[in-house]
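In what follows, every heavy atom counts, from backbone to side chain, and hydrogens, waters and symmetry copies are set aside. Whatever order the structure lists them in is the order used to number ligands and atoms, beginning at 1.
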Amino acid sequence: MLSLIAAASAFAVAAALSGTAGAAEPSPSEGSQRYVVTGPKTAAQRSQVASTGAAIDAVRGGAVEVSAIPSEVRAIKRFGFTVRRAPAEPAPGPSASAASYHTFAEMQQEVDSVTAAYPQITRKFVVGKSYEGRDIIGIKISDNVGTDENEPEVLVIANIHARERLTAEQALDYLGQLTKGYGTDSTVTNLVNNREIYLMPMVNPDGQVYDMTSDTQPGRSWRKNRQPNPTSTGTDLNRNFAYKWGCCNGSSTSGASETYRGTGPESATETKVIANFVRSRKVNGKQQLKMFLDIHSYSELVLWPFGFTYNDTVPGALDADQEAAHRKIGQEMAAINGFRPEQSSDLYITDGTTDDWTWGDQRIFSYTFELGGNSFYPPPSAIEREIARSRGALLKLTDYADCPYRAIGKQDQYCAA
Ligand code: 0X9
Ligand code: CA
Ligand code: CA
Ligand code: CA
Ligand code: ZN
């Protein structure tokens, strides 16, 4: 105990002390704490919880796990739900966790070594800088990787929420699949030859580093970026995108909230970097990206737009064929990884999310995965098992980029050359 205290940085101590007065545990994330909420059973009731600004971390076994600040806890109780503190995350042990999850530096080393080993089909690039000046790393994977060919493009991003540590591992595993399988696995070889795949394994590096730089294992439970806001720190990047931003009680105006939406759409540095990259993939006015995936954890879901409304279709924004194709591909991917396929708002209402923007504004077929693992910090022994589940689903998503309407048999109508 003494050595732990001695080892703790002044900053960590300050962060711990700023937690709720009288709380049993020091705050893992400057004011917000983890709770289990019982009572909400329907999407509308979960949306009530989300409307308080609390982040719904998982929906499991009839209970809703949240990260919430005190004012949000009071608001959840006013809706008539029961709130109790969540049990502490089990500590995996410092050596095991350090050896198993990639730090930001280790992710960069991994990307450097893979791109060095496969120079014909991989290229590393810096998408842009984070708020604190770290590189947001991208990897392009394709044959003739140095040439912008006329091939359907795919974008996969991970770790937009800092603590969702399994997601970067899934992204790096996808990079591994695509490179190791090239020339040996015919499915992989065809995808690398006929797609241009863009991968960003850690789009929130400041949050990721902050979350991992912790004296208390397994991490600080940090979700947002690290940009100062008017009252606290961090913007929820998955509430900061510029489609229906702040429209629908699916994000918070409070700086301390885990779902703080920012001062305006794309006010967060990392949101702007991601969105600028997506916009840059328009060639002669035509968006080249056909499929988008944002990897989260840990509710075991395959989600598609929209999140801002319960309606399945939206006039002028999501028609019946577009909805049917999203649904069909989502169901096919879910059949592979065993997750539950549903529209995003079947979970709860959100606004300003990545996927609502990539579809609503850019018309890229868009998905969010919530990986498994039962925690933001599954024990290292669970990593391989959990990411193995979604390997095939990622390849399926990549494959459909040629014509998502193929899923509903309407390729001739929508994708004829
Ligand atoms: O609330 C979120 O941002 C996601 N859940 S998490 O526990 N990973 O934070 C779910 C977002 C679902 N909505 C959309 N994808 N639109
Ligand atoms: Ca190519
Ligand atoms: Ca291209
Ligand atoms: Ca090719
Ligand atoms: Zn998330």
What do we get for [X] next to ligand 1 when only non-hydrogen atoms under 4.0 Å count, side chain, backbone, both or neither?
X      : value
Ser299 : neither
Thr259 : neither
Asp57  : backbone

Using a 4.0 Å cut-off to any heavy atom of [X], which atoms of ligand 1 qualify?
X      : answer
Ser344 : 13 (N), 14 (C), 15 (N), 16 (N)
Ser297 : 7 (O), 8 (N)
Tyr348 : 1 (O), 2 (C), 4 (C), 5 (N), 10 (C)
His296 : 8 (N)
Arg239 : 1 (O), 2 (C), 3 (O)
Thr350 : 13 (N), 14 (C), 16 (N)
Arg223 : 1 (O), 2 (C), 3 (O), 6 (S), 9 (O)
Thr368 : 15 (N)

Suppose we screen for side chain to side chain contact (heavy atoms under 4.5 Å, CB included). Which residues come up paired with Lys129, at least two apart in sequence or across chains?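 For Lys129, the residues satisfying side chain to side chain contact (heavy atoms under 4.5 Å, CB included) (neighbours in sequence not counted) are Asp135.
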Residue that, paired with Tyr243, satisfies ring-ring contact (aromatic ring centres under 6.0 Å, His included) out of Phe306, Trp359, Trp357: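 Of the listed options, the one satisfying the test is Phe306.
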At what distance is the nearest protein heavy atom to [atom], and which residue and atom is it?
atom                    : result
atom 5 (N) of ligand 1  : Glu370 OE2, 2.7 Å
atom 15 (N) of ligand 1 : Asp355 OD2, 2.8 Å
atom 12 (C) of ligand 1 : Leu303 CD1, 3.6 Å
atom 11 (C) of ligand 1 : Asn238 ND2, 3.9 Å

Pick from Arg389, Arg340, Arg60: which one makes a salt bridge (charged side-chain N to carboxylate O under 4.0 Å, His left out) with Glu300?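 Exactly one option meets the salt bridge (charged side-chain N to carboxylate O under 4.0 Å, His left out) with Glu300, and it is Arg389.
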Tell me if a side-chain donor or acceptor on [X] pairs with a main-chain N or O of [Y] at a distance below 3.5 Å.
X      : Y      : result
Asn225 : Gly207 : no
Asp211 : Gly219 : no
Ser257 : Ser254 : no
Thr235 : Ala268 : no
Arg220 : Tyr210 : yes

Hey, what's the angle at the Zn ion (ligand 5) spanning ND1 (His161) and OE2 (Glu164), nearest 10 degrees?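 The ND1/OE2 angle about the Zn ion (ligand 5) sits at 90°.
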Between Trp245 and Arg239, is there a cation-pi geometry (under 6.0 Å to ring centre, at most 45° from the normal)?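 The answer is no, since Arg239 fails at least one limit relative to Trp245.
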Dump the intermediate steps for salt bridge (Lys or Arg N to Asp or Glu O under 4.0 Å) on Lys180 and Asp185, then the final yes or no. CA-CA 9 Å; Lys180 289 194 212 91; Asp185 178 306; over 6 Å; no
Taking just the N, O or S atoms of His296, which one is nearest to the Zn ion (ligand 5)?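 Looking only at N, O and S atoms of His296, the one nearest the Zn ion (ligand 5) is named ND1.
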Please tell me whether Glu258 and Ser67 have a donor and an acceptor in their side chains that are separated by less than 3.5 angstrom.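 There is no such pair between these side chains.
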Any nitrogen or oxygen of Ile56 lying under 3.5 Å from a nitrogen or oxygen in ligand 1? Just yes or no.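 It does: an N or O of Ile56 is found under 3.5 Å from an N or O of ligand 1.
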Could you go through the side-chain contact (heavy atoms from CB on, under 4.5 Å) check for Tyr174 and Ile387 one step at a time? CA-CA 9 Å; Tyr174 177 59; Ile387 64 182; over 6 Å; no
Pairwise distance CG(Asn311) to CG(Leu318) - rounded to 0.5 angstrom: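 Going from the CG atom of Asn311 to the CG atom of Leu318 covers 10.0 Å.
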List the steps, then state whether salt bridge (Lys or Arg N to Asp or Glu O under 4.0 Å) holds for Glu266 with Arg279. CA-CA 13 Å; Glu266 299 184 10; Arg279 283 185 285 259; 2.9 Å; yes
Which protein atoms of type N, O or S are found under 3.0 Å from the Ca ion (ligand 3)?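 Near the Ca ion (ligand 3), below 3.0 Å, one finds Asp148 OD1, Glu149 O, Glu153 OE2, Glu196 OE1.
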Note: Arg281-Glu153 ion pair, threshold 4.0 Å (strictly below):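 Yes, charged N to carboxylate O under 4.0 Å.
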